[in-house]
Novice: 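Following this message is one structure expressed as structure tokens.
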2 protein chains.
Amino acid sequence: MESIDKVKGTFGRGPASRMQKEDEVPLAIIRRLPRYHRFLGELLRAGTLRISSAELSRLMGVTASQIRADFNRFGGFGQQGYGYNVKYLHSKLGELLGITEDYRAVIVGAGNLGRALATSHMFKRRGVTPVALFDNDNSVIGQSIGGIPVLDVATLPEYLKSEKIDIGVLTVPKDSARDVCDTLARGGVLGIWNFASSELDGIQGVVIENVHLGDSLLQLTYAMRTGAGGDGADE
Amino acid sequence: MESIDKVKGTFGRGPASRMQKEDEVPLAIIRRLPRYHRFLGELLRAGTLRISSAELSRLMGVTASQIRADFNRFGGFGQQGYGYNVKYLHSKLGELLGITEDYRAVIVGAGNLGRALATSHMFKRRGVTPVALFDNDNSVIGQSIGGIPVLDVATLPEYLKSEKIDIGVLTVPKDSARDVCDTLARGGVLGIWNFASSELDGIQGVVIENVHLGDSLLQLTYAMRTGAGGDGADE
DNA sequence: AATAGGATATGAAAAAAATCACAAAGGCAA
DNA sequence: TTGCCTTTGTGATTTTTTTCATATCCTATT
């Protein structure tokens with residue numbers, strides 16, 4: 001019954017799994033990964049060395065079974081009788097999420113939101129380096145915000161040719177979102193983080209993450225009206 | 001074409017429905033409602049009078065069955081052979097989501113993010129009126145941002161006693177989040193929209209919506225790394 | 001070195017969510 | 001008004017996700 005040749009570590013999953021077909025990770029799990037990573041990070045900073053699924057369950061308001069099942073989807077990071085090593089698990093989750101990649105980003109739109117993002121630790125903590133802001137307002141072009149230069153958005157296309165940029169952050173008004181998005185895509189970015197309220201998608205080879213703060217606000221008012229969601233556990 | 005008056009609306013569900021138990025709306029559906037509302041709003045502004053689930057399906061990248069099933073959960077807003085009346089559906093969804101309630105909000109934290117929210121149309125479009133900003137920085141206290149006065153956060157408790165405030169928006173640094181959250185709760189707000197990276201919850205009688213932009217960024221980098229999520233359809 | 005106790009990994013079961021498929025309702029045209 | 005055509009509403013079905021239950025493996029103790 002023992003692990004005859006179970007190479008588990010590197011890649012293969014359990015014994016009876018079909019080896020064909022790429023095993024896609026359910027979106028439901030992916031959405032939980034950043035939250036795990038965040039909590040693990042806090043535990044790490046607090047100096048916690050190890051944690052059991054039961055303890056993490058109490059902390060996060062998620063069932064222990066789900067925690068184990070989730071981690072297991074990626075090969076199992078724990079050890080029977082011990083639990084999970086916080087540092088190891090945190091770093092493994094970080095790898096999965098790509099924070100070890102050191103992506104370079106530009107922020108298009110130097111309004112309040114763009115500035116807020118540029119000056120936060122949002123990016124650096126996650127392996128993303130914001131290298132430039134772009135705007136069309138002459139009164140801000142040439143400034144430096146949080147050490148990041150503000151350039152003329154008209155120069156964005158050529159900028160993207162000369163610099164390798166992985167991520168474009170869109171904090172422009174709705175109307176210009178589509179245009180800038182296309183420019184970024186043509187410029188070769190791999191992903192776009194879109195805060196404009198227009199929903200972008202369907203661009204070949206570019207991953208787009210649409211953020212809709214308004215939707216989040218409506219979820220709040222819905223919950224307030226119905227009294228539901230009092231737990232607040234979830235995003 | 002306007003035979004929408006069909007009284008069906010009020011409450012009753014289909015003919016053969018068990019009347020057992022209060023039917024709680026699955027979280028999965030609730031999370032989709034704001035997006036439906038958003039798309040319907042755009043159709044409305046574009047002057048579209050009616051739409052079928054099939055058409056909306058194409059537009060939103062969601063199956064038509066799901067659309068029908070979702071709307072049906074709330075009693076069915078459509079009509080066979082006709083589809084959905086855009087204006088009617090939009091307003092019904094709005095009601096469900098609480099945009100007709102005219103909530104009053106305060107924003108605590110007048111940094112870039114607080115300012116960005118205060119000056120956006122985020123709130124007004126959703127029936128929420130931001131009435132004041134609060135901060136502890138003397139250089140901004142007394143100013144007016146987007147027509148909203150910035151007050152001293154030390155006066156927040158008494159302010160909440162004299163004014164009826166429904167929603168508190170937290171755009172303060174992580175460390176002060178918990179304190180301000182408690183102050184807001186004691187002051188009687190019904191909901192808290194939390195942008196601080198610390199996760200708040202478990203306050204009796206207060207609904208909390210935690211926004212974690214960092215999690216969203218990690219979802220993007222995950223997708224970039226794995227090539228998954230190229231559709232970009234979902235938030 | 002042997003054993004007790006603890007906690008993961010994991011297949012099986014249950015629950016939840018999405019999809020299907022079609023009867024029935026109602027629009028629309030002649 | 002009739003009858004065809006469109007499209008919803010909805011029970012049944014399938015798929016996905018979560019939870020359960022326990023064998024297995026590891027730590028810790030004596």
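Here is how names work: the chains are called A, B, and so on, in the same order as the sequence lines, proteins then strands, and each is numbered from 1.
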Novice: Using a cut-off of less than 4.0 Å, is there contact between a side-chain N or O of Ser53(B) and OP1 or OP2 of dT7(D)?
Specialist: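 So the side chain of Ser53(B) is outside the cut-off, no N or O lying under 4.0 Å from OP1 or OP2 of dT7(D).
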Novice: OP1, OP2 of dC28(C) versus side-chain N and O of Arg50(B): anything below 4.0 Å?
Specialist: yes
Novice: So that I can tick it off, tell me whether Asp182(B) and Arg178(B) are bridged by a salt bridge, with the cut-off set at under 4.0 angstrom between side-chain N and carboxylate O.
Specialist: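 Here Arg178(B) pairs with Asp182(B) in a salt bridge, since their nearest N and O are under 4.0 Å apart.
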Novice: Please determine, for the side chain of Arg68(B), which listed nucleotide (dC28(C), dG9(D), dT27(D)) has the closest atom?
Specialist: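 Ranking dC28(C), dG9(D), dT27(D) by closest atom to the Arg68(B) side chain puts dG9(D) first.
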Novice: For Ala69(A) and Gly83(A), take the nucleotide of DNA chain C holding the closest heavy atom to each; which residue's nucleotide lies nearer the 5' end?
Specialist: Gly83(A)
Novice: Think Tyr84(A) has a side-chain N or O under 4.0 angstrom from the OP1 or OP2 of dC26(D)?
Specialist: no
Novice: Parallel, tilted or perpendicular, judged at 30° and 60°: which one describes the rings of Phe195(B) and Trp193(B)?
Specialist: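 Taking Trp193(B) first and then Phe195(B), their aromatic rings stand perpendicular (interplane angle over 60°).
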Novice: What is the distance, rounded to the nearest whole Å, between atom CD1 of Ile51(A) and atom C1' of dT8(C)?
Specialist: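 Value for this atom pair: 14 Å.
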Novice: Please report the distance, rounded to the nearest Å, between CG in Leu56(A) and C1' in dG6(C).
Specialist: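 So the two atoms are 17 Å apart, to the nearest Å.
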Novice: Arg31(B) has an atom CZ; how far is it from atom C1' of dT17(D), in whole Å?
Specialist: 12 Å
Novice: Taking only the side-chain heavy atoms of Gln80(A) (C-beta and beyond), determine which of dA7(C), dA17(C), dG26(C) contains the nearest atom.
Specialist: dA7(C)
Novice: To the side chain of Thr63(B), which of dG27(C), dT8(D), dT19(C) is closest?
Specialist: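 Nucleotide nearest to Thr63(B)'s side chain: dT19(C).
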Novice: Closer than 4.0 angstrom, basic N to acidic O: yes or no for Arg58(B) and Glu55(B)?
Specialist: no
Novice: Rounded to whole Å, please give me the gap between CD1 in Ile67(B) and P in dA18(C).
Specialist: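 One finds 12 Å between P of dA18(C) and CD1 of Ile67(B), rounded.
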Novice: Nearest of dG27(C), dT19(D), dT10(C) to any side-chain atom of Ser65(A)?
Specialist: dT19(D)
Novice: Among the candidates dT27(D), dT17(D), dT8(C), find the nucleotide nearest to the side-chain atoms of Tyr82(A).
Specialist: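 Looking only at heavy atoms from C-beta outward on Tyr82(A), the closest nucleotide is dT27(D).
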Novice: For the side chain of Pro26(B), starting at C-beta, report the closest nucleotide among dC28(C), dA28(D), dA17(C).
Specialist: dA17(C)
Novice: Checking Ser216(A) side chain against His212(A) main chain: does a donor-acceptor pair fall under 3.5 Å?
Specialist: no
Novice: Under 3.5 Å, side chain of Thr221(B) to main-chain N/O of Leu97(A), donor-acceptor pair present?
Specialist: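 At least one qualifying donor-acceptor pair exists.
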Novice: Could you state the atom-to-atom distance from CG of Leu27(A) to P of dT17(D) in whole Å?
Specialist: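 From Leu27(A) CG to dT17(D) P: 8 Å.
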Novice: Using a cut-off of less than 4.0 Å, is there contact between a side-chain N or O of Gln79(B) and OP1 or OP2 of dG26(C)?
Specialist: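 For dG26(C), neither OP1 nor OP2 has a side-chain N or O of Gln79(B) closer than 4.0 Å.
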